[in-house]
Amino acid sequence: MLAEAFLQLKSNLELTPRFDELVQQRQNAVRDYLHNNHVGVVDTKLIGSVRRKTRIQPQSDGKFDIDILVVMGSFFNWLPVGASG
């Protein structure tokens with residue numbers, strides 16, 4: 001009984017093939033945009049539920065979030081331009 005309940009829970013969290021395809025299309029579009037249009041973007045990495053391939057509960061209008069870590073180039077300090085350090 002416990003094993004059946006766990007399998008049902010696991011099934012409820014997994015992405016359906018159709019939803020997974022939609023998620024992949026959208027995250028690829030966002031990542032391509034970042035790589036092609038923003039100077040300083042070194043890499044992007046999927047994090048969160050997209051990386052784990054678990055369900056993202058869409059909002060009632062079908063929108064959902066995708067967590068993407070954006071790796072930027074090096075920096076040397078946090079001081080704003082014109083500030084003395």
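- Taken from CZ in Arg52 to CD1 in Ile47, the straight-line distance is 9.5 Å, to the nearest 0.5 Å.
- Lys45 contributes atom NZ, which lies 4.0 Å from atom CG of Asp43 (distance to the nearest 0.5 angstrom).
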Worked check of side-chain contact (heavy atoms from CB on, under 4.5 Å) between His35 and Thr44: CA-CA 8 Å; His35 282 284; Thr44 58; 3.1 Å; yes
Stepwise side-chain contact (heavy atoms from CB on, under 4.5 Å) test for Val41 and Val71: CA-CA 6 Å; Val41 172; Val71 180; over 6 Å; no
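- Linking ILVMFWY side-chain heavy atoms closer than 4.5 Å, directly or via other members, places Val30 and Leu69 in two distinct hydrophobic clusters.
- Separating the CD1 atom in Ile68 from the CG atom in Leu46 is a distance of 6.0 Å, to the nearest 0.5 Å.
- Within the model, atoms CD of Glu4 and CD of Gln8 stand 10.0 Å from one another, a figure rounded to the nearest 0.5 Å.
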Steps toward side-chain contact (heavy atoms from CB on, under 4.5 Å) verdict (Asp67, Asp65): CA-CA 7 Å; Asp67 301 315; Asp65 73 322; 3.5 Å; yes
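- Each of Ile66 and Tyr33 belongs to its own hydrophobic cluster when Ile, Leu, Val, Met, Phe, Trp and Tyr are linked at side-chain heavy-atom distances under 4.5 angstrom.
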Salt bridge (Lys or Arg N to Asp or Glu O under 4.0 Å) evaluation trace for Arg18 with Asp20: CA-CA 5 Å; Arg18 181 168 157 66; Asp20 185 42; over 6 Å; no
